[in-house]
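Let me begin by presenting the structure, written as structure tokens, before commenting on it.
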Amino acid sequence: MKFLISGGTGLIGSKLTSHLIDNGHSVNILSRKYRKSNNSRIEYFIWKPSERVIDKSSIKGVDVVINLAGSSVFSLWTKRNKKKILNSRIDSLSTLYQIIKREKNHNVSQVISASAIGIYPNSKTLKYDESFQSKEGLFLTHVVREWEKKVKEFNKLNISVTTLRIGLVLSKDGGILKKLIQINKLRISNVIDGGKQCQSWIHIDDLVNIFYHAVENKLEGIYNAVSPNPSTFLKLQELTSKLSHKSLLNFNIPKSLVIIPFKLIGILDFYYDVIASDKNVSANKIVKSGYHFNYPSLEKIK
Ligand SMILES: NC(=O)c1ccc[n+]([C@@H]2O[C@H](COP(=O)([O-])OP(=O)(O)OC[C@H]3O[C@@H](n4cnc5c(N)ncnc54)[C@H](OP(=O)(O)O)[C@@H]3O)[C@@H](O)[C@H]2O)c1
């Protein structure tokens, strides 16, 4: 099969590309920068989603489109950056939609898009499944709602749509785990209010396998992509200690203190959405679809 991956150069995209190549497929990657391939089954194409510019030949012979493009949420949430976080996702999907719509002889039968568990508001009591309808929520809830609305539009082109609400991705190559290992280099780990916040995570190998499972089983609709056993922030810190072979001194900071700088610079939503994220997300639907996790619990990660 031939895949087109937008944002295929990122943490998830590069691992997914290797997986697809190992399984005998070929991959076209859309990137905003010129890149050279050293594999005959990987081809890079330039696009500028903010200007709706895309190399038309990137869609030729493509069976499945995977959308992973989007500006990182790990930035200072100024007005400008917030606009970038939302617009980069909407523009990317609009650009993909236009190229497929214009190309009358396309082969695309499925679009799989990244989404995020950021759609669910923080809660100490709820366990979220895909049917949850959020009325409240902060910035990320709004972004993900708009993102998912845009993904659904591919249905108008008679294309099957799969949306994966991805949890905190654990990988030694990047993302939160690498950041925590770097931050903890001084052997002091900072946790807020005892680190009790619920973290719905997924190991990168499972996530990549879920993308592939969604293709092989033609999954349609929304699926949470999280492990069946969420953890706490403290447990995540313990994992970084295990992986870096360094014991950590946990330094507990009360929420009332951590929140002050975020309040002062006017990015309180960043504090609640990212720093103090606390949500228990269910993996039941993806498990029922037949997916078996390689890393169902943190203890399995070495
Ligand atoms: N990692 C996680 O924990 C996690 C959790 C939930 C959801 N997700 C979502 O999954 C997707 C992929 O995540 P990732 O961790 O692989 O992200 P990543 O490493 O930051 O990669 C994202 C890719 O998107 C492209 N990109 C960046 N800014 C862009 C912009 N302004 N316009 C268009 N494209 C842009 C980049 O490709 P080029 O520079 O080559 O153009 C980049 O390689 C993202 O949408 C992310 O929000 C990730």
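This structure is a prediction, so every number in the text was calculated from the model and none was measured. Indexing begins at 1, ligand by ligand and atom by atom, following the structure's order.
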L168 to ligand 1: N or O pair under 3.5 Å? no
Starting from atom 47 (O) of ligand 1, which protein heavy atom do you reach first, and at what distance in Å? R89 NH2, 2.7 Å
Using the salt bridge (Lys or Arg N to Asp or Glu O under 4.0 Å) criterion, which residues pair with K124? Sequence neighbours excluded. D278
When you measure from atom 24 (O) of ligand 1 to every protein heavy atom, which one gives the shortest distance, and what is it? G70 N, 3.3 Å
Below 3.5 angstrom, do we get any N/O pair linking I12 and ligand 1? yes
Looking only at distances, please establish whether an N/O atom of ligand 1 is found under 3.5 Å from an N/O atom of S115. no
So which bit of S6 gets within less than 4.0 Å of ligand 1, heavy atoms only: side chain, backbone, both or neither? neither
For ligand 1, is any non-hydrogen atom under 4.0 Å from S72's backbone (N, CA, C, O), its side chain (CB onward), both, or neither? neither
Shortest non-hydrogen contact between N39 and S37, atoms and distance: O-OG, 2.8 Å
Check contact between S50 and ligand 1, using heavy atoms of the residue and a distance below 4.0 angstrom. no
Do G10 and ligand 1 have an N or O pair less than 3.5 Å apart? yes
Within a distance under 4.0 Å of any heavy atom of A69, pick out the atoms of ligand 1 and give their elements. 24 (O), 34 (N), 45 (O)
Can P49 be said to touch ligand 1, with heavy atoms closer than 4.0 Å? yes
Top protein contact for atom 42 (C) of ligand 1, by heavy-atom distance: T9 OG1, 3.9 Å
Of all protein heavy atoms, the one nearest atom 5 (C) of ligand 1 is G167 O, 3.2 Å
I need the atoms of ligand 1 closer than 4.0 Å to a non-hydrogen atom of S31, numbered in the order shown. 38 (P), 40 (O), 41 (O)
Tell me the nearest of R32, K15, R165 to atom 34 (N) of ligand 1, using heavy-atom distances. R32
Starting from atom 6 (C) of ligand 1, which protein heavy atom do you reach first, and at what distance in Å? I166 O, 3.3 Å
Please report whether atom 20 (O) of ligand 1 has a protein non-hydrogen atom at a separation of less than 4.0 Å. no
Nearest to atom 11 (C) of ligand 1, what protein heavy atom do you find, and at what distance? L68 O, 3.3 Å
Output the list of atoms in ligand 1 that are nearer than 4.0 Å to some heavy atom of A114, sorted by atom number. 10 (O), 11 (C)
Interatomic spacing from CG in L170 to NE2 in H203 - rounded to 0.5 Å: 7.0 Å
Mark yes or no for whether N107, through its side chain, and D63, through its backbone, hold a donor-acceptor pair below 3.5 Å. no
Could an N or O of ligand 1 be found under 3.5 Å from any N or O of K84, whether backbone or side chain? no
Taking side chain to side chain donor-acceptor pair (under 3.5 Å) as the criterion, tell me which of S115, S113, S92 meets it with N67. S113
Non-neighbouring partners of E220 that pass salt bridge (Lys or Arg N to Asp or Glu O under 4.0 Å), sequence neighbours left out: none
I'd like to know if D91 pairs up with R52 as an ion pair, taking the criterion as any Lys NZ or Arg NE/NH1/NH2 lying under 4.0 Å from an Asp or Glu carboxylate oxygen. yes
Any Lys/Arg nitrogen of K60 or E103 sitting under 4.0 Å from an Asp/Glu carboxylate oxygen of the other? no
Measure from the side-chain N and O atoms of S88 to the backbone N and O of I85, and report whether any donor-acceptor pair falls under 3.5 Å. yes
State, with a plain yes or no, whether a side-chain heavy atom of K150 is found less than 4.5 Å away from one of S94. yes
Just so I know, are the side chains of F293 and V287 near enough to count as touching, which here means a heavy-atom distance under 4.5 Å? yes
Less than 6.0 Å separating the ring centroids of Y44 and Y34? no
L11 to ligand 1: N or O pair under 3.5 Å? yes
Evaluate whether atom NZ of K218 has more than 12 neighbouring non-hydrogen atoms of other residues, nucleotides or ligands under 6.0 angstrom away. yes
Show the numbers, then the answer: is there a ring pair (Phe, Tyr, Trp, His ring centres under 6.0 Å) between H213 and Y223? CA-CA 12 Å; H213 171 80; Y223 287 81; 8.0 Å; no
Atom indices of ligand 1, in the order listed, that fall short of 4.0 Å to a heavy atom of S88: 30 (C), 31 (N), 32 (N)
Below 4.0 Å, non-hydrogen atoms only: which portion of W147 touches ligand 1? Side chain, backbone, both or neither. side chain
Can you find an N/O atom of R35 closer than 3.5 Å to an N/O atom of ligand 1? yes
Ion pair check, K82 and D269, cut-off under 4.0 Å: yes
Does atom 3 (O) of ligand 1 have a protein heavy-atom neighbour under 4.0 Å away? yes
